[in-house]
Chemist: 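There's a structure below that I have some questions on.
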Amino acid sequence: MTSLWGVCVKVACVGGGPAGLYFSILMKRHDPSHDITVYERNPPGSTYGWGVTYWSALLDRLREGDPESARAVREHAVSWRQGVAHVGDRTTVQPGDQGFGIGRQALLTLLARRAEALGVRVVFDRNVTEPPEADLVVAADGVHSALRQRHAAHFGTGVTTGRNRYAWLGTSRVFDSFTFAFAATDHGWIWCYGYPFSATRSTCVVECSPVTWHGLGLDRADSAEGLVLLEKLFAEPLDGHPLIGREHSAEPAQWLTFRTVTNRTWHRDNLVLLGDAAHTTHYSIGAGTTLALEDAMALADALHDAPELGTALRRYERERLTALVPAQSAARYSARWYEDLPRYLALPPEQMFALLGQRHSPLLPHLPPRLYYRLDRAAGRLDALRRVKRWAGPRLARTVQSLSSRR
C-alpha cells in the first residue's frame with residue numbers, strides 16, 4: 001500500500017477497548033470509505049473493571065477528534081475537585097484539579113455505538129489470535145496481546161512485575177472526592193483509593209504488601225470472606241456501604257500484581273501495537289485509559305498525514321515512545337512510593353498527603369521525607385530552588401541507578 005488516503009483501506013482492529021474503538025472512530029471520520037472491523041473477544045456488556053479516570057486536558061483532545069463522542073463521554077462522567085486522605089483516625093483534605101470518572105462499561109458502550117453509527121463493524125465474542133487479512137492490523141488486544149506474543153522477539157517485549165498485591169473493586173458508596181484510606185493492622189498497613197464514576201457506584205482499589213496480604217489471610221480467604229474483612233478495615237470511608245467484587249460476573253475479584261509491559265518497537269510490517277498491548281503504566285497514576293486514547297489519536301494522525309504505511313507507523317512509534325517517557329517515569333516512582341509506604345506514614349497527615357501528591361518525583365526516594373517536604377514548601381515560594389529541585393531529581397536517580405547496576 002503506497003498511499004493511505006484517496007483509496008479504500010481495509011483495517012482490522014483486534015480488541016474492542018477504548019483505544020481500538022476510538023481509533024476506528026477517528027479513521028472513519030478521516031475517510032468514511034475505509035473498511036474497518038473491530039473484533040472483541042468478549043460478549044457485549046461483559047467487560048471487567050469499574051470506573052476509569054481522566055482529566056480535562058483529555059476531554060479537550062477528544063473534542064478535537066470527535067465532538068460527538070466527547071460530548072457523550074462528558075455527559076456520562078462524574079467529577080471531583082479535591083482529595084481526602086484517612087490515615088488511621090486522622091483525616092486531611094486538599095484541593096486539586098478537576099478530575100472525572102466514568103464507568104468502563106459505559107465508556108465502551110458509547111464508543112461502540114458511535115463507531116457503528118459511522119459505519120464501523122464491531123464484532124463481539126470473537127477471539128482473534130491470528131492477524132486478519134487487512135491492509136492494516138491494529139493489535140489493541142491488551143496486556144496479554146496474542147498478536148504481540150506471536151512476534152515477541154521482534155517487538156522486544158519486556159514485562160516486570162510489581163511487589164504489592166491489589167484488588168480492583170467497586171462499592172455503592174459514592175465518594176464526593178478522590179479518597180485515600182490507610183489502615184494499620186497487626187500485619188502492616190493496607191490502603192485503598194476510591195473515586196466515583198456514576199450516580200450509584202465508585203471504584204475502590206485495595207493494595208497492600210505481600211507480608212500484609214498473607215498475614216491477614218487474604219491469600220486464603222474466599223471472595224466473600226475477603227470482602228467482609230476489607231469492609232471492616234475501611235468502615236469509615238465506606239460509611240456502611242459494601243464492597244463489590246464483580247458486578248456483572250459470577251467470577252470473584254482477583255488479587256493481582258501489576259505487570260508493566262514495554263516494547264522496543266511497536267510495529268512489524270502492517271501490524272501495529274496500540275494501548276496496553278504496547279505499554280502499561282502503574283494504575284496509581286490513573287493514566288491508562290488516557291494514554292491508550294492518545295495512542296489512538298497519534299496513530300490516526302500519522303496515518304492521515306504520511307504518504308505510505310511504513311512512514312506512518314515509524315512516526316507513530318517515535319512520537320508515542322517519546323511522549324510516554326514522563327508518564328512511565330511517574331508510574332515507576334508512584335508504584336515505589338506505595339511499596340515504601342511506611343517511610344511516609346510517621347509524618348503528620350497533611351505532610352503525608354502532600355508527599356502522596358509528590359510521589360512521581362525522582363528526588364523523593366533519596367531524601368528524608370521531612371526534609372523533602374520542607375524543600376518542596378520552600379520551592380513553592382522560590383523559583384531558583386524550584387529549578388534546582390527539578391534539575392537534581394532526575395540526575396540523582398540516574399546516578400543511583402548507575403551505581404546499582406555496577407554491583
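Values reported hereafter were calculated over all heavy atoms of this structure, with side chains retained and with hydrogens, waters and symmetry mates removed.
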Chemist: To the nearest 0.5 Å, what is the distance between CG (L367) and CG (L375)?
Modeler: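 Reported value, rounded in 0.5 Å steps: 7.0 Å.
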
Chemist: Checking the side chain of N270 only, and the main-chain atoms of A134 only, is there a donor and an acceptor separated by less than 3.5 Å?
Modeler: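 Yes, because the side chain of N270 sits within donor-acceptor range (under 3.5 Å) of the backbone of A134.
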
Chemist: Could you give me the CA-CA distance, side-chain angles and deciding distance for T91 and V84, then say whether side-chain contact (heavy atoms from CB on, under 4.5 Å) is met?
Modeler: CA-CA 7 Å; T91 300; V84 175; 3.9 Å; yes

Chemist: Dump the intermediate steps for side-chain hydrogen bond (donor to acceptor under 3.5 Å, both in side chains) on Q98 and S79, then the final yes or no.
Modeler: CA-CA 7 Å; Q98 185 177 23; S79 66; 3.3 Å; yes

Chemist: Hey, does the side chain of R264 reach the backbone of H154 with a donor-acceptor pair shorter than 3.5 angstrom?
Modeler: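 Answer holds: yes.
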
Chemist: Between R314 and E308, does any side-chain N to carboxylate O distance fall below 4.0 Å?
Modeler: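 The answer is yes: the pair qualifies as a salt bridge.
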
Chemist: Between T37 and A12 (side chain of the first, backbone of the second, donor and acceptor by atom type, cut-off under 3.5 Å), is there such a pair?
Modeler: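 Between the backbone of A12 and the side chain of T37 there is no qualifying donor-acceptor contact (under 3.5 Å).
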
Chemist: Distance check, rounded to the nearest 0.5 Å: T203 atom OG1 versus R104 atom CZ?
Modeler: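 So the gap between those two atoms works out to 11.5 Å.
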
Chemist: Taking the six-membered ring for Trp, is the centroid-to-centroid distance between F182 and W189 below 6.0 Å?
Modeler: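 Not close enough - the centres of the two rings lie 6.0 Å or further apart.
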
Chemist: Given side chains that start at C-beta, do those of S69 and L111 come closer than 4.5 Å, heavy atoms only?
Modeler: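 Yes, their side chains come closer than 4.5 Å.
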
Chemist: Taking the side chain as C-beta and beyond, is there a heavy-atom pair between I244 and W50 under 4.5 Å?
Modeler: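 Side chain of I244 against side chain of W50, heavy atoms only: contact under 4.5 Å found.
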
Chemist: Just by modelled atom types, is the D276 backbone N or O under 3.5 Å from a matching donor or acceptor in the T280 side chain?
Modeler: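 It does not hold such a pair.
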
Chemist: Do T171 and L169 touch side chain to side chain, with heavy atoms closer than 4.5 Å?
Modeler: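 No; the side chains remain at least 4.5 Å from each other.
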
Chemist: Would one find more than 12 heavy atoms of other residues, nucleotides or ligands at under 6.0 Å from atom CG of D340?
Modeler: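 Yes, CG of D340 has more than 12 neighbouring heavy atoms, counting only those of other groups under 6.0 Å.
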
Chemist: Nearest 0.5 Å, what's the OG-CG distance between S172 and L238?
Modeler: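 One finds 8.5 Å between OG of S172 and CG of L238.
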
Chemist: Please work out which of the three classes, parallel, tilted or perpendicular, describes the rings of F155 and H151, given edges at 30° and 60°.
Modeler: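 Ring orientation, 0 to 90° scale: perpendicular.
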
Chemist: Strictly distance-based, threshold 3.5 Å: is any side-chain N or O of R126 a donor or acceptor partner for the main-chain N or O of Y39?
Modeler: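 Judged by distance alone, no pair lies under 3.5 Å.
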
Chemist: Starting from the C-alpha separation in whole Å, work towards a yes-or-no answer on side-chain contact (heavy atoms from CB on, under 4.5 Å) for S24 and C13.
Modeler: CA-CA 8 Å; S24 72; C13 186; 5.6 Å; no

Chemist: Can you confirm whether V128 sits close enough to V123 that some side-chain heavy atom of one is under 4.5 Å from a side-chain heavy atom of the other?
Modeler: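 SC-SC contact between V128 and V123 ruled out.
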
Chemist: Between I190 and L218, is any pair of side-chain heavy atoms under 4.5 Å apart?
Modeler: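 A side-chain contact under 4.5 Å exists here.
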
Chemist: Within a strict 4.5 Å, meaning less than it, do heavy atoms of the M352 and L355 side chains meet?
Modeler: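 No, every pair of side-chain atoms sits at 4.5 Å or beyond.
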
Chemist: Side chains of Y372 and Q358: is there a donor and an acceptor less than 3.5 Å apart?
Modeler: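 There is such a pair between these side chains.
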
Chemist: If I take atom CZ from residue R315 and atom CG from residue L299, how far apart are they, to the nearest 0.5 angstrom?
Modeler: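 Nearest 0.5 Å value for the CZ-CG distance: 10.0 Å.
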
Chemist: Take R150 and L271, measure what side-chain contact (heavy atoms from CB on, under 4.5 Å) needs, and give me the verdict at the end.
Modeler: CA-CA 11 Å; R150 286 171 52 86; L271 174 65; over 6 Å; no

Chemist: We want to know whether S145 and D141 form a side-chain donor-acceptor pair, criterion being a heavy-atom distance below 3.5 angstrom.
Modeler: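 A pair is found: one side chain offers a donor N or O, the other an acceptor, under 3.5 Å apart.
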
Chemist: Give me the atom names and distance for the closest heavy-atom approach of L233 to A183.
Modeler: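 Closest pair (atom of L233, atom of A183, distance): O-CB, 3.8 Å.
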
Chemist: Does any N or O in the side chain of R148 come within less than 3.5 Å of the main-chain N or O of V143, such that one atom is a donor and the other an acceptor?
Modeler: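 Yes: the side chain of R148 pairs with the backbone of V143.
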
Chemist: W80 vs W55 aromatic rings, parallel, tilted or perpendicular, using cut-offs 30° and 60°?
Modeler: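 Perpendicular.
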
Chemist: Compare every heavy atom of I285 with every heavy atom of A330, then report the nearest pair and how far apart it is.
Modeler: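 In terms of heavy atoms, the two residues are closest at O-CG2, 3.9 Å.
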
Chemist: Under 6.0 Å from the CD atom of E133, do we count more than 12 heavy atoms belonging to anything else shown?
Modeler: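 Open: at most 12 neighbouring heavy atoms sit under 6.0 Å from CD of E133.
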
Chemist: Test V38 against E116 for side-chain contact (heavy atoms from CB on, under 4.5 Å), laying out the working first.
Modeler: CA-CA 10 Å; V38 176; E116 290 176 325; over 6 Å; no

Chemist: State, to 0.1 Å, how close A70 and L59 come at their nearest heavy-atom pair, and which atoms those are.
Modeler: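 That would be O-CD1, 3.9 Å.
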
Chemist: Search all heavy atoms of A354 against all heavy atoms of Y373 and return the closest pair with its distance.
Modeler: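 Smallest interatomic distance, heavy atoms only, reads CB-CE1, 3.7 Å.
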
Chemist: Between H34 and I36, is there a donor-acceptor pair closer than 3.5 Å when you use the side chain of the first and the backbone of the second?
Modeler: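 Not confirmed, H34 side chain does not pair with I36 backbone.
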
Chemist: With a 4.5 Å limit on heavy-atom distance, are the side chains of L303 and V9 in contact?
Modeler: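 Counting from C-beta outward, L303 and V9 never come under 4.5 Å.
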
Chemist: Given 3.5 Å as the limit, does a donor-acceptor pair link the side chain of E339 with the main chain of R163, or not?
Modeler: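 A pair under 3.5 Å: yes.
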
Chemist: Identify the heavy atoms of L229 and L216 that sit nearest to each other, and give their distance.
Modeler: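 Scanning both residues completely, I find the closest heavy atoms to be CD2-O, 3.7 Å.
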
Chemist: Quick check against the 3.5 Å criterion: does T157 have a side-chain atom that pairs as donor or acceptor with the backbone of N263?
Modeler: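 Answer holds: no.
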
Chemist: Working note: T212 + H187, criterion side-chain hydrogen bond (donor to acceptor under 3.5 Å, both in side chains); need CA distance, chi angles, decisive distance, verdict.
Modeler: CA-CA 5 Å; T212 303; H187 306 282; over 6 Å; no

Chemist: Drop me the distance from Y193's OH to S202's OG, to the nearest 0.5 angstrom.
Modeler: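 Output value for this atom pair is 15.5 Å.
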
Chemist: Is the shortest distance from a Lys or Arg side-chain nitrogen in R165 or D219 to a carboxylate oxygen in the other one below 4.0 Å?
Modeler: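 Salt bridge flag = no for D219 with R165.
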
Chemist: Looking at Y22, F23, Y54, which hits side chain to side chain contact (heavy atoms under 4.5 Å, CB included) with L293?
Modeler: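 Result for side chain to side chain contact (heavy atoms under 4.5 Å, CB included) with L293: Y22.
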
Chemist: To the nearest 0.5 Å, how far apart are OG1 in T53 and OH in Y195?
Modeler: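 The distance works out to 5.5 Å.
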
Chemist: Quick one: does any side-chain atom of R29 pair with a main-chain N or O of G65 as donor and acceptor, under 3.5 Å?
Modeler: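 Side chain of R29 to backbone of G65: a pair is present.
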
Chemist: R320: what forms a side-chain hydrogen bond (donor to acceptor under 3.5 Å, both in side chains) with it, not counting sequence neighbours?
Modeler: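 R320 satisfies side-chain hydrogen bond (donor to acceptor under 3.5 Å, both in side chains) with D295 once adjacent residues are dropped.
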
Chemist: Using 30° and 60° as the class limits, which term best fits the ring planes of H282 and F258: parallel, tilted or perpendicular?
Modeler: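 Plane angle over 60°, so perpendicular.
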
Chemist: Between S284 and Y338, which heavy-atom pair has the shortest distance, and what is it?
Modeler: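 Nearest heavy atoms, S284 then Y338: CB-CE1, 3.6 Å.
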
Chemist: Is any side-chain heavy atom of V73 closer than 4.5 Å to a side-chain heavy atom of L110?
Modeler: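 When only atoms from C-beta onward are counted, L110 and V73 do touch, with a gap below 4.5 Å.
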
